[in-house]
Amino acid sequence: MTDISRRDFLKNLGAGAVGLALWGRSSTPNLILAPELGRVTRESLSVYAEPNDTSVILFQHYRDDILHIYKEITSPDGPGYNPVWYRVWGGYVHSSFVQKVKYQLNTLIDKFPSQGQLMEVTVPYSQSYRHRVNEAWEKFYRLYYSSVHWVFSAKEGPDGLPWYEIRDGLVDLSYYVPVEHLRPVSADELTPIHADVTPSLKRIEISVDFQKLMAFEGDQLVREIKVSTGLPYLSSAPNTIPTDTPRGNFKIHAKRPSVHMGDGTLRSDAEAYELPGVPWVSYFESSTGVAIHGTFWHNNFGMTMSHGCINTLSEEAKWIYRWTTIPDDGNSENYRTPVLVY
């Protein structure tokens with residue numbers, strides 16, 4: 001990578017336009033290099049000769065490999081909960097652990113609200129770095145497509161070019177990613193959906209048996225979403241938090257556009273339970289923090305997958321985030337969208 005001087009760096013900040021790339025540089029902003037790409041989200045993924053899991057396994061792909069998806073196939077051989085397979089180079093992969101992604105580059109912004117600017121990752125993944133005083137830059141969390149983060153500034157990064165500073169509330173530190181990997185979330189994207197509908201008419205029903213979420217306005221079904229609820233609770237150890245989704249009547253009590261879920265482990269271990277930037281989180285159960293939220297670590301909707309939360313595609317979680325209501329003053333329970341889990 002070509003370094004630039006501090007003066008040139010500041011000049012770039014003033015101009016407000018820098019283009020970088022995940023696997024190379026590009027001067028063209030908002031460039032999409034392929035219309036259908038998929039990222040492998042598990043440690044390994046088998047490529048089959050045919051779109052069924054009884055055919056010959058030809059070879060493996062591994063976590064964060066980027067696949068070209070030539071065709072989406074609904075296989076008559078299932079599996080029944082999710083019969084979608086992808087035709088890729090050399091064979092077929094099941095869709096359950098392939099996140100569909102894009103590769104969109106963005107230009108620099110250099111002015112930030114005091115509360116930070118909400119930004120979304122628009123490339124398959126972005127390797128973040130952190131920087132300690134008088135120490136070298138070191139790799140930190142890997143951030144994934146559709147995850148959302150709070151950005152507070154643009155600073156000179158490890159290659160001498162502008163990188164965005166992400167401040168992480170869970171681990172109470174900053175880390176940095178190239179500016180072209182994040183796009184600002186506009187105010188229009190946060191405006192309420194169906195705001196003309198009386199809030200008390202809105203409700204959500206979640207069927208654990210059928211792994212689906214249904215949004216109603218009165219008696220009218222306005223959206224149906226395939227989801228993944230919590231894995232069955234198998235542990236008998238004391239003081240452990242159940243992983244199955246609680247059933248009963250709840251209400252949306254808080255919403256956050258970005259949440260770091262995990263243990264706050266300060267390492268970039270792909271197997272660690274660290275999910276920075278989980279997008280569009282709508283909490284409905286307060287004792288264990290169960291919520292509806294976007295998911296970038298699997299595509300296996302229709303099967304139980306979570307630690308108790310309701311996993312959806314990020315765009316579906318964003319719709320729920322904008323559609324549900326909570327009171328501005330915290331007083332009127334009538335304005336909290338009910339959630340029935342059965």
Side-chain angles (χ1 to χ4, degrees), residues 41 63-64 99 112-123 125-133 135 137-155 157-158 163-179 181-185 190 228 230-231 239-243 245 252-298 305-312 314 317-318 320-321 326:
T41 67
R63 187 187 307 278
D64 294 343
Q99 181 197 20
F112 301 87
S114 59
Q115 73 273 20
Q117 172 64 53
L118 202 62
M119 290 195 173
E120 180 186 45
V121 176
T122 61
V123 292
Y125 60 81
S126 182
Q127 179 62 59
S128 74
Y129 282 75
R130 63 172 173 165
H131 189 230
R132 300 176 181 177
V133 177
E135 293 188 24
W137 290 88
E138 61 181 6
K139 287 184 178 181
F140 203 46
Y141 299 130
R142 184 168 280 192
L143 309 183
Y144 290 106
Y145 182 82
S146 81
S147 63
V148 174
H149 309 269
W150 286 106
V151 174
F152 286 81
S153 68
K155 297 181 179 180
W163 288 45
Y164 284 138
E165 177 200 8
I166 294 172
R167 294 183 191 170
D168 191 314
L170 180 63
V171 296
D172 194 28
L173 52 76
S174 294
Y175 42 91
Y176 301 82
V177 295
V179 299
H181 294 175
L182 300 181
R183 72 164 187 89
V185 175
L190 301 176
S228 289
L231 292 163
N239 302 319
T240 55
I241 298 175
T243 57
T245 299
I252 300 293
H253 66 85
K255 297 195 287 187
R256 301 288 183 270
S258 172
V259 175
H260 181 158
M261 295 185 178
D263 303 319
T265 305
L266 298 182
R267 66 179 189 268
S268 56
D269 181 0
E271 297 304 318
Y273 177 58
E274 292 303 325
L275 300 170
V278 175
W280 315 116
V281 181
S282 300
Y283 292 98
F284 63 85
E285 199 280 333
S286 57
S287 63
T288 55
V290 176
I292 304 162
H293 60 72
T295 306
F296 48 80
W297 51 95
H298 75 81
M305 292 291 296
S306 80
H307 288 190
C309 286
I310 310 300
N311 292 179
T312 75
S314 293
K318 189 176 184 181
I320 292 294
Y321 180 92
I326 56 176

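All residue numbers refer to positions in the sequence shown, counting from 1. From a predicted model like this one, the values you see are computed outputs, not experimental measurements. FYI, side chains are in, hydrogens and waters are out, and symmetry mates aren't considered; it's all heavy atoms of this structure.
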Short side-chain donor-acceptor distance under 3.5 Å, Glu285 and His253: no

Nearest atoms (heavy-atom pairs only) where Gly294 meets Ala317: N-CB, 3.2 Å

Exam field: side chain Thr245 to backbone Gly308, donor-acceptor pair closer than 3.5 Å: yes

Flag, side chain of Ser228 to backbone of Ser306, donor-acceptor distance under 3.5 Å: no

Over all atoms of both residues, closest heavy-atom pair of Ser147 and Phe296: CB-CE2, 3.7 Å

Note, Tyr321 side chain near Ile292 side chain (heavy atom, < 4.5 Å): no

Closest non-hydrogen atom pair between Val171 and Tyr141, with its separation: CG1-OH, 3.4 Å

Contact summary for Val281 and Ala291, nearest pair of heavy atoms: CG1-CB, 3.5 Å

Where Ser314 and Ser146 come nearest, the two heavy atoms and their spacing: OG-OG, 2.9 Å

Trp280 vs Ile320 side-chain heavy atoms within contact, under 4.5 Å: no

Side chain proximity check, Pro276 to Tyr175, heavy atoms < 4.5 angstrom: yes

Distance, nearest 0.5 Å, that separates CD1 of Ile326 from CZ of Phe284: 15.0 Å

Gap separating the CH2 atom of Trp297 from the CE atom of Met261, nearest 0.5 angstrom: 6.5 Å

Rounded distance (nearest 0.5 Å) linking atom OG of Ser174 with atom CH2 of Trp150: 14.5 Å

Atom pair CG/CZ of Asp168 and Arg130 - distance to nearest 0.5 Å: 11.0 Å

Where Pro158 and Tyr129 come nearest, the two heavy atoms and their spacing: CG-CG, 4.3 Å

Criterion side-chain hydrogen bond (donor to acceptor under 3.5 Å, both in side chains) against Glu120, the qualifying member of Arg183, His149, Lys318: Arg183

Reference residue Val177; test side-chain contact (heavy atoms from CB on, under 4.5 Å); the match among Ile166, Val121, Val151, Val123: Ile166

Approximate separation, where rounding is to 0.5 Å, of Asn311 CG and His293 NE2: 5.0 Å

Interatomic distance, Lys255 atom NZ to Leu190 atom CG [nearest 0.5 angstrom]: 10.0 Å

Partner set under side-chain contact (heavy atoms from CB on, under 4.5 Å) for Ser153, not counting sequence neighbours: Lys155, Glu165

Aromatic plane relationship, Tyr164 with Phe112 - under 30° parallel, 30 to 60° tilted, over 60° perpendicular: perpendicular

